[in-house]
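Okay, so here's the structure we're looking at.
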Protein chains: 2
Amino acid sequence: MNTLSYGLLALLAQESCTGYELMLKIQPVWQAKHSQIYPILAKMERSGLVQFVSVAQKEKPDKKVYSITEKGTSALQAWLPDLSAEPVKRDEMLLKMYCLWLADAATTERLFRERLKLYAKRMEKFRASLAELEGAEQGSGKPLGVRTPSFGKYVLLKRAIDHARMEIDWCEWVLGMLKSGIDSSGA
Amino acid sequence: MNTLSYGLLALLAQESCTGYELMLKIQPVWQAKHSQIYPILAKMERSGLVQFVSVAQKEKPDKKVYSITEKGTSALQAWLPDLSAEPVKRDEMLLKMYCLWLADAATTERLFRERLKLYAKRMEKFRASLAELEGAEQGSGKPLGVRTPSFGKYVLLKRAIDHARMEIDWCEWVLGMLKSGIDSSGA
DNA sequence: TGTACCATGTAAAAAGTTACATGATTGA
DNA sequence: TCAATCATGTAACTTTTTACATGGTACA
């Protein structure tokens, strides 16, 4: 049981999913490919943490809908209070900062514009998700309970938006510095 | 040549370092252990991207001070304009959000307090680094040129502070929600 | 006395990515 | 027609982590 395994279990505690759905859902928090997910699910099934039912589909491949077992829920509850590992980040763009001074002005600007675009796109997606979640919330009547499965989605979405905002602001701040001629020895 | 190799090269373009120093310097942007750094340096030395001089030390182990070669600088300049890979993050705490509703109120609060503490500590460190960098800057007379090696450090530090600020605000926001009795079915 | 820092390296294991494999549908 | 989405799996490879190895100094 590694961290990713617990992550999948956490998603299954919210609702039953296929491996494919889990792969899509876990992306914002933990990047993993299907080739990593499927073997983990098989392994957790063998150890009784999850179970599945095969569902035949018309005009689509069959799927396995996984759900968490009692044993799986216990495992999750044991993992939750553990001290969380420090976040790991690997960001190629940030490595480039160390040798930015070797690049010409046009390249530097393009690098930041590309990153700006990336986070602007993500911001749009997040805002749409938030609107959707808030819509569903109004429909249900309840104002969002801390002890409900959707609370996690909500705080994660808030954080994703705050993060994208920060990244966008940072890019614009640097872009501003590049233009405002703090250094004009460009190209 | 993988991304980490270019990162080490980028640091060496700023100033000559030992493997140990590179390992410490690269942490904020790309977590890597010494066991990964040393073999890469040896490999880059064999392919002529870096070179080193052995320096004997009194009362400390000998060290190898690496510096970038012309070939290494060319390689860096070829890498810089490439489209940067999307940042990768893996954050155990965020995975826990999906099953927060399975935890009792005290555990939930402790989880966020631990994270708050982590980023508060980092914030202190970053602020100290910024003060140091601004002090050195005043000493040199120049206001910080975009085309100088310290510009990278500066924008990275600004970003690190913005990021820590965001993490702290998020934790406090969630902690506020937990207290203000949006849900009081605790413990 | 135990931990942390400096300093380098190798070996083994775990985690993650890319590629191979299959196959139908839908939209650009 | 090409790419994307749904859907599952394995094999090969790369990257990263953990553990093994050594050894002195300095600070609680």
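Computed from a prediction, not measured in an experiment: that's the story for all the values here.
Counting to the nearest Å, the C1' atom of D/dT16 and the CG atom of A/Leu4 are 15 Å from each other. Between the P atom of C/dC6 and the CD1 atom of B/Ile37 lies a distance of 15 Å, rounded to the nearest Å. For the pair A/Asp62 CG and C/dT22 C1', the interatomic distance rounds to 13 Å; values are reported in whole Å. In this entry the distance linking CD of B/Glu92 with P of C/dA15 reads 12 Å, nearest Å. When the C1' atom of D/dG9 is taken as reference, atom NZ of A/Lys63 falls 17 Å away, rounded to whole Å. Atom CD of A/Glu86 and atom C1' of D/dT17 are 15 Å apart (whole Å). Here D/dT16 presents its P atom at 15 Å from CE of B/Met23, a figure rounded to the nearest Å. Between B/Gln31 atom CD and C/dA15 atom C1' the separation is 15 Å, expressed in whole Å.
Distances shown here put a side-chain N or O of B/Lys33 below 4.0 Å from the OP1 or OP2 atom of D/dT18. Checking the phosphate oxygens (OP1, OP2) of C/dG16, a side-chain nitrogen or oxygen of A/Trp30 falls inside 4.0 Å. OP1 or OP2 of D/dC6 sits under 4.0 Å from a side-chain N or O of A/Tyr20. Under 4.0 angstrom from either OP1 or OP2 of D/dT16 there lies no side-chain N or O belonging to B/Arg90. The shortest distance between the side-chain N/O atoms of B/Tyr38 and the OP1/OP2 oxygens of C/dT8 is below 4.0 Å.
Ranking C/dA19, C/dT10, C/dA15 by closeness to the B/His34 side chain, first place goes to C/dT10.
The base of D/dT18 is paired with the side chain of B/Ser35 by a donor and an acceptor separated by under 3.5 Å.
Along DNA chain D, the nucleotide nearest A/Gln57 and the nucleotide nearest A/Gln36 are compared for position; the residue whose nucleotide lies closer to the 5' end is A/Gln57. Position along DNA chain C of the nearest nucleotide to B/Pro39 versus B/Leu24 favours B/Leu24 as the more 5'-ward residue.
Ring orientation note: the planes of B/His163 and B/Tyr119 are nearly perpendicular, at an angle over 60° on the 30°/60° scale.
Looking at every heavy atom in both residues, B/Phe112 comes nearest to B/Cys171 through O-SG, 4.0 Å. Across A/His34 and A/Pro39, no two heavy atoms sit closer than the pair O-CD, 4.2 Å. Nearest heavy atoms, B/Leu83 versus A/Glu92: O-OE1, 4.3 Å.
At distances below 3.5 Å, not a single donor-acceptor pair connects side-chain atoms of A/Gln51 with backbone N or O atoms of A/Thr69.
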